[in-house]
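This report refers to the structure that appears directly beneath it.
Throughout, protein chains are lettered first and strands after them, A, B, ... in sequence-line order, and every chain is numbered starting at 1. Just so it is clear, the structure is predicted and the values come from calculations on it, not from any experiment.
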Amino acid sequence: MFLRGTCGKYKSYLCAMNKRVRVRFAPSPTGGLHLGGVRTVLFNYLFAKKHGGDFILRIEDTDQSRFVPGAEDYIVQTLNWCGMIPDESPVVGGPFAPYRQSERKESYKQYATTLINAGHAYYAFDTPTELEEMRNHFKTSENPSPQYNHAIRAKMRNSLSLDAAEVAALLSANTPYVVRIKMPDHEEVTFTDMIRGEVSFNTSQVDDKVLLKADGMPTYHLAVVVDDYLMKISHAFRGEEWLPSAPVHVLLWKYLGWQNEMPEWAHLPLILKPDGHGKLSKRDGDRLGFPVFAMDWTDPKTNEKAIGFKERGFLPEAFVNLLVVLGWNDGTDQEIFSMAELIEKFSIDRVHKGGAKFDYEKAKWFNAEWIKNADNAYLAGLVQPYFDAAGIVVNDPAYLQKIIGITKERCILLPDFITQAGFYFSAPTQIDTASIAPKWDENKKNFFEALCMAFENSNSNDPLELENIFKALTATHGLKAGELMLPMRIMLVGGKFGPGVFEIAATIGISDTVARIKHALTLL
RNA sequence: GGAGCGUUCGUCUAACGGUUAGGACCUCAGGUUUUCAUCCUGGUAAUACGGGUUCGAUUCCCGUACGCUCUACCA
């Protein structure tokens, strides 16, 4: 295996390398960022920070027809929420600005021209209709998707099939054209992927990809190579779906004379649907009832809203944590990692090759773990918006933190605090009397009336003392504590949940406790 | 169809030729908690298949099967 040998067992890939680590996340701003995208960012970020390098955000907006307003800002906000702040980006700028490819449009054409002059690319004048005709014409059951390749290009209208005068005439008449790469007929293109080892392709299987579109914009293929070179990217991480077009990129690096500067490639495994097979999509979330996007995203065209992990009540720490273990582990049994730990422990050679099915149950477990171990003051800040939305009024921040501390082990998602902690701030509006009524009688009613008086007389806020009063009174009424505690709990919190009843009574205070019992008594 | 990539419990994964194939989620059975949750103990459950190489393969090689990705003037 290429990872072993002279570099040692799990020695970093870096040992063979001496240039500064610079990585980029290069999304297309076409919508919300989903799990797979955020994980790609995460691996980029961790790798950069682990090696003291730079993390760059570059917006690949070369397809004007797919431009979606707000998508770029959404991406920035998402990175921000996750705590992965780019060192260079369209918002903070940097030494290689601009970081939007649409703003770099003019710089790509010269490289296309260089390639044409060197015989590695050519002009193609085929219209979309002609391309469609070609595909229909050559389509067979054996070959359902004919490619514009070395075998077909001679039959098409391009600067390889047409004679020079004709080409010159077409160009001077401003005929729309694209520039295509001229793939070699039969050549083995091999490169080393950091995750997969040696990968090779025969160029006969790769088509003549469009490099420069008719509108003058580069396609991804040209833009990614040019910008990675110009921005001195040392390591390029992307999803596995890019693997088949990697030979195009490798050849471009070579043809442009930048072979020695080519980044190390790492094609990341995909995040798959929980059920069945295939890449996880937004639709799966809708269908199975869990978020796929990092944050809420509303499509400005369709007004379709997709829920995000953030709004569903995930902590960013948990989100990062659940993402990183989808395809990576540190070799031990540890599963909970902070960002700081990840930066220290991350290594690309422990990233899996195979795709991982997303498991929402486990995702929730990560969040519950993070909530349980989170600082109360920190949680208070996160819970506050949910309380605001639910109309729960918090007057005393210290009280809120205390309540969070005693209820957080019961919460899986942030909104769970509304039910698990809301009753500390106001009397429950819904009281599960149905769970009391069947065994309710006059004697119990008398008990609770007596209890209210006893509590008021004691005016205690000590749980133990309240419990003693309660128990002493059960005896005088000929009742057992066990058959009265559940009714009392329901009177105080509304249902069968929450911490110890006397803890609750002491915390909300005697007057509230008595008021809630008296109110419940009117409902029974 | 073609090319590439992949394949350990239901799911995420450990195991770098020698382990009773380990952990976690889920689930099940107990215990703690006069509620719920937490917590604790334990159980069920996996190397896709077939050939090699080797004293010995989850591990290395080949083949098969299955899956995924790509096969746009989208990324």
Describe the nucleic acid contact of A:N202 in one word from base, sugar-phosphate, nothing, applying a heavy-atom distance below 4.0 Å.
-> nothing
Whole angstrom is fine here: how far is it from CG in A:L222 over to P in B:A72?
-> 18 Å
Compare side-chain N and O positions of A:R135 against OP1 and OP2 of B:C73 and report whether any pair is under 4.0 Å apart.
-> yes
If you look at every strand shown and take non-hydrogen atoms under 4.0 Å, does A:T407 touch a base, only sugar-phosphate, or nothing?
-> nothing
Using atom P of each nucleotide, how far apart are B:A46 and B:U11 to the nearest Å?
-> 12 Å
Protein-nucleotide distance (A:L212, atom CG; B:C74, atom P), rounded to Å = 11 Å
Tell me which of A:A481 and A:T219 sits closer to the 5' end of RNA chain B, going by the nucleotide each one is nearest to.
-> A:A481
Whole-Å distance, A:H150 NE2 to B:G2 P, equals 16 Å
Assign the ring pair A:Y360 / A:F358 to parallel, tilted or perpendicular, where the plane angle (0 to 90°) is split at 30° and 60°.
-> tilted
Using modelled atom types only, decide if a donor and an acceptor are shared between the side chain of A:R66 and the backbone of A:T30 within a distance under 3.5 Å.
-> no
Using atom P of each nucleotide, how far apart are B:C61 and B:U53 to the nearest Å?
-> 15 Å
Verify the ring-centre separation between A:W328 and A:F43: is it less than 6.0 angstrom?
-> no
Closest to side chain of A:F497, choosing from B:G22, B:C73, B:C36 | B:C36
Rounded to whole Å, the CZ-C1' distance (A:F67 to B:C73) equals 20 Å
With sugar-phosphate meaning primed atoms plus P, OP1 and OP2, does A:P499 contact a base, only sugar-phosphate, or nothing at under 4.0 Å between heavy atoms?
-> base
For nucleotides 39-43 of chain B, tabulate all protein N/O to nucleotide N/O atom pairs closer than 3.5 Å, reporting atom names and distance.
| from | atom 1 | to | atom 2 | distance (Å) |
| --- | --- | --- | --- | --- |
| B:C39 | OP1 | A:K372 | NZ | 2.7 |

Write down the distance separating the P atoms in B:G22 and B:A14, rounded off to the nearest Å.
-> 15 Å
Expressed as a whole number of Å, how far does the C1' atom of B:U44 sit from that of B:G30?
-> 15 Å
Check every strand shown and say whether A:S141 touches a base, only sugar-phosphate, or nothing at a heavy-atom separation below 4.0 Å.
-> sugar-phosphate
On RNA chain B, nearest-nucleotide positions of A:E142 versus A:F502: which is more 5'?
-> A:E142
For atom C1', what is the distance between B:U13 and B:A21, given to the nearest Å?
-> 13 Å
Under 4.0 angstrom, heavy atoms only, what part of the nucleic acid is A:K279 near: base, sugar-phosphate, or nothing?
-> sugar-phosphate
Side chain to side chain contact (heavy atoms under 4.5 Å, CB included) partners of A:S141, counting only residues at least two apart = none
Hey, does the side chain of A:D208 reach the backbone of A:R180 with a donor-acceptor pair shorter than 3.5 angstrom?
-> no
Look at all strands and tell whether A:G482 reaches a base, only sugar-phosphate, or nothing, counting heavy atoms closer than 4.0 Å.
-> base
Salt-bridge criterion met for A:R135 and A:E132 (N-O under 4.0 Å) = no
Protein proximity profile, nucleotides 5-13 of chain B - base contact B, sugar-phosphate-only contact S, no contact -, cut-off 4.0 Å on heavy atoms = SS----SBS
B:C26 OP1/OP2 closer than 4.0 Å to side-chain N/O of A:K364 | no
Are A:D284 and A:S281 close enough that a side-chain donor and a side-chain acceptor fall under 3.5 Å?
-> yes
For B:A45 versus B:G23, give the span between their P atoms, rounded off to a whole number of Å.
-> 14 Å
Summary of side chain to side chain donor-acceptor pair (under 3.5 Å) pairs that have at least one residue in residues 467-492 of chain A, sequence neighbours excluded | A:E467-A:K471
Crowded around A:K273 NZ? As in, over 12 foreign heavy atoms under 6.0 Å?
-> yes
Check whether any side-chain nitrogen or oxygen of A:R180 sits under 4.0 Å from OP1 or OP2 of B:C73, and answer yes or no.
-> yes
Sorted by chain and residue number, the salt bridge (Lys or Arg N to Asp or Glu O under 4.0 Å) partners of A:D228 (sequence neighbours excluded) come out as A:R24, A:R58
Distances under 3.5 Å between protein N/O atoms and the N/O atoms of nucleotides 18-21 of chain B, please, pair by pair.
none

Atom OH of A:Y123 and atom C1' of B:C73 are separated, to the nearest Å, by 16 Å
Which whole number of Å gives the distance between the C1' atom of B:C66 and that of B:U8?
-> 16 Å
A:W242 CH2 to B:A72 P, straight-line distance once rounded to whole Å | 13 Å
Rounded distance in Å between the P positions of B:G1 and B:C60 | 29 Å
Under the side-chain hydrogen bond (donor to acceptor under 3.5 Å, both in side chains) criterion, do A:D227 and A:Y108 qualify, and how do the steps go?
-> CA-CA 9 Å; A:D227 284 342; A:Y108 303 105; 2.5 Å; yes
Answer yes or no: does atom CD of A:Q430 have more than 12 heavy-atom neighbours from other residues, nucleotides or ligands under 6.0 Å?
-> no
Go through A:D193 and A:R238 one step at a time and tell me if the salt bridge (Lys or Arg N to Asp or Glu O under 4.0 Å) criterion holds.
-> CA-CA 11 Å; A:D193 185 277; A:R238 71 204 335 187; over 6 Å; no
Rounded to the nearest Å, what distance is computed from the CD atom of residue A:Q205 to the C1' atom of nucleotide B:G4?
-> 10 Å
Rounding to a whole Å, what distance do you find between A:K209:NZ and B:C70:P?
-> 11 Å
Distance below 4.0 Å between A:T332 side-chain N/O and B:G23 OP1 or OP2 = no
Touch class at under 4.0 angstrom, heavy-atom based, for A:K471 against every strand present | base
When the ring centroid of A:F447 is compared with that of A:F470, is the distance short of 6.0 Å?
-> yes
